[in-house]
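The structure displayed is predicted, hence computed values, not measured ones. Order of the sequence lines sets the chain letters (A, B, ...), proteins ahead of strands, with each chain counted from 1.
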Amino acid sequence: MIKLNLYNTLQRRISIFQPIDQNNVRIYACGPTVYDFIHIGNARPLVVFDVLVRLLRIIYPKVTYVRNITDIDDKINKRAIEKKITISELTNETIKNFHKDALTLGNLKPDFEPKATDHISEMIEMIQTLISNGFAYFSSGNVLFAVEKYKNYGALSGRSLDEMISGSRVEVADYKENPGDFILWKPSSENLPGWDSPWGRGRPGWHIECSAMSKKYLGSQFDIHAGGLDLIFPHHENEIAQSCCANNSDIMANYWLHNGYVTSDGEKMSKSLGNFATINNLLLNFRGEAIRYALMQAQYRAPLSFSKKSLDEATKSLSRLYRATEGLEVNDGQDTQLIYNLCDDLNSPKALARLHYLADEANKGSKECAQKLKNSSNILGILCNSTDEWFKFREVNSNDKTENATITEKEIDELIIKRKIAKENKEFEKADQIRELLLEKNIQLEDKPDRTVWRRF
RNA sequence: GGCCCGAUGGCAGAGUGGUGAUGCAGCGGCCUGCAAAGCCGUUAACAGCGGUUCGAUUCCGCUUCGGGCCUCCA
């Protein structure tokens, strides 16, 4: 059995991954809150944990991957009012866009994709358990979790309750017994979405959904819980508190994985700063696969500098890999070294370097390395298309670059034949004119020993 | 204010107590009618100052700079 080393936020160190059940590895990743297009920062966990799931599936016979959708949230309510549409119109539209983006980035579908609004009863049940076990209390219409009642509160984020209080920059609501207490259930006015509950018509707090849904689909204890660095506190800390107290358990998940931020000019990319690029927008000019490649260029815990330039480089790198695997279909033989590289805490840069080594060998004539390259790239979710598809198609919506390049394949082929004849007649000026003409339409010609191929770029 | 992380060549980004990461860019050559692609070769880095060591980019300390969390966030 291959050893997978993973950094666990809970222990602040790397350790060998040991599943609870070798025959069913269970992983939960926090998915999007659906009120807007996802941006490149949201896409990072999507891609890196997709790679993790692919890797786990190589090592273990079965992996259950759950990624939720948060479709009840105050940001959603606010946005729906701003856009003068209903909440379900907003969430349905956003989910549709999210699925399209996730697919274009080459992600596998999770085994379960539960929505918060479909699990209100599970949340209410869990909150009731927390109240009856003395971990939660009712105050001014709200149900709150009493952090003091959970002895391990702060273990994940590495902070004590005292530190949190002394460092607090937030006004403390007067209905809280302890400043750190957080909401499990809150009342809804008539114009806001709400469900009947023992505490009146209301809606869940932010964290309870993940506790309820992970329990339903993965059990009260599972292997891996993943998400972005910014979810460590308070989201994951609170999830652990709720789940452990409701399930009378010491652990919620054994391994807590957190990806680093995507940065722009050295700063964290975030919605509040407004310095983000949506995937939807980037796809106007770049391929989804190139975005995916760019997201794997840094190890997942390190910050990742993102720029248009990094996407250009990713595109070039992918072109190189695609050239080296022209005409090959995926089969079984994967590269062991690449798997080892990934098993080193998902060291994707090391894995990509290995791909380029294989491409080198392939270009020097190694059929074996070319085949390994094709097969192994799939672990990273890249090189899944044919070389022809990569060079000839772009999954773009609308794009100046493409519109300018409007030329049919038939026209290109005809021009290639004309150029061939010109070359045979030593009319090189004419031949070069054809090449220039195509270049203006973003078509690059490559003369091979026996034929001429074209690439769109 | 409390806590935490980082600093590698032009850019991105691995790694290591004593040889070349890798990609993109650059330079020289081969190939080509010329290109493109490919191949061969090549330039170039470990923030600063101390310490440990035969030897430190790598370990330790300090300084400077940058970033993050403590509030919605991936």
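- If you check every strand for non-hydrogen atoms under 4.0 Å, Val453(A) touches nothing.
- At the heavy-atom level, Arg44(A) lies nowhere under 4.0 Å from the strands shown.
- Gly266(A) comes within contact range of the sugar-phosphate backbone alone, with a heavy-atom separation under 4.0 Å but no base atom that close.
- Side-chain proximity of Arg323(A) to C40(B), G38(B), A74(B): nearest is G38(B).
- Note: Phe276(A) and His39(A) have tilted aromatic rings, judged against thresholds of 30 and 60 degrees for the angle between ring planes.
- A cation-pi arrangement is absent between Arg203(A) and Trp185(A) under the rule of less than 6.0 angstrom and at most 45 degrees off the ring axis.
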Secondary structure of RNA chain B in dot-bracket form (Watson-Crick or G-U wobble, distances below 3.5 Å, | marking inter-strand pairs): (((((((..(((.....[...))).(((((.......)))))....(((((..]....))))))))))))....
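- Asn92(A) CG to Thr86(A) OG1: the interatomic distance, rounded to the nearest 0.5 Å, is 8.0 Å.
- Relative to the side chain of Ala353(A), the nucleotides A21(B), C34(B), G38(B) differ in distance, and A21(B) lies closest.
- One interatomic measurement links the two molecules: CD of Gln297(A) to P of A14(B), which rounds to 10 Å at whole-angstrom precision.
- Nearest to the side chain of Arg419(A), among U22(B), G10(B), A35(B), sits A35(B).
- Contacts of Lys423(A) with the nucleic acid, taken as non-hydrogen atoms under 4.0 Å apart, include base atoms.
- Proximity note for Lys75(A) (side chain, C-beta onward) versus C72(B), A25(B), A37(B): the nearest is C72(B).
- Residue contacts shown for Asp230(A) include a base, since a base heavy atom lies under 4.0 Å away.
- Aromatic ring centres of His225(A) and Phe49(A): separated by at least 6.0 Å.
- Under 3.5 Å, the side chain of Arg435(A) and the base of A35(B) form at least one donor-acceptor pair of N or O atoms.
- The side chain of Tyr261(A) has A74(B) as its nearest neighbour among A74(B), C24(B), A14(B).
- Aromatic ring orientation, Trp256(A) versus His258(A): parallel (interplanar angle below 30°, classes split at 30° and 60°).
- Comparing A14(B), G68(B), C34(B) against the side chain of Asp447(A) picks out C34(B) as the nearest.
- Among the protein residues, Ser310(A) comes within range of no part of the nucleic acid, since none of its heavy atoms lies under 4.0 Å from any strand.
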Walk me through it: do Asn191(A) and Ser189(A) pass the test side-chain hydrogen bond (donor to acceptor under 3.5 Å, both in side chains)? CA-CA 6 Å; Asn191(A) 59 333; Ser189(A) 55; 2.6 Å; yes
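- Stacking of Arg159(A) on the aromatic ring of Phe233(A) is recorded, both the 6.0 Å distance cut-off and the 45° axial limit being met.
- Closest approach to the Arg159(A) side chain among A14(B), G23(B), C69(B) is made by C69(B) (side chain taken as heavy atoms from C-beta onward).
- Among the nucleotides C40(B), G15(B), C24(B), the one closest to any side-chain atom of Lys316(A) is C24(B).
- Defined by atom type and a distance below 3.5 Å, a donor-acceptor pair is present between the side-chain atoms of Tyr322(A) and Glu289(A).
- Taking only side-chain atoms of His39(A), from C-beta outward, the nucleotide of C40(B), A14(B), A74(B) with the closest atom is A74(B).
- Distances were taken from every side-chain heavy atom of Ala302(A) (C-beta onward) to each of A74(B), A14(B), A21(B); the shortest belongs to A14(B).
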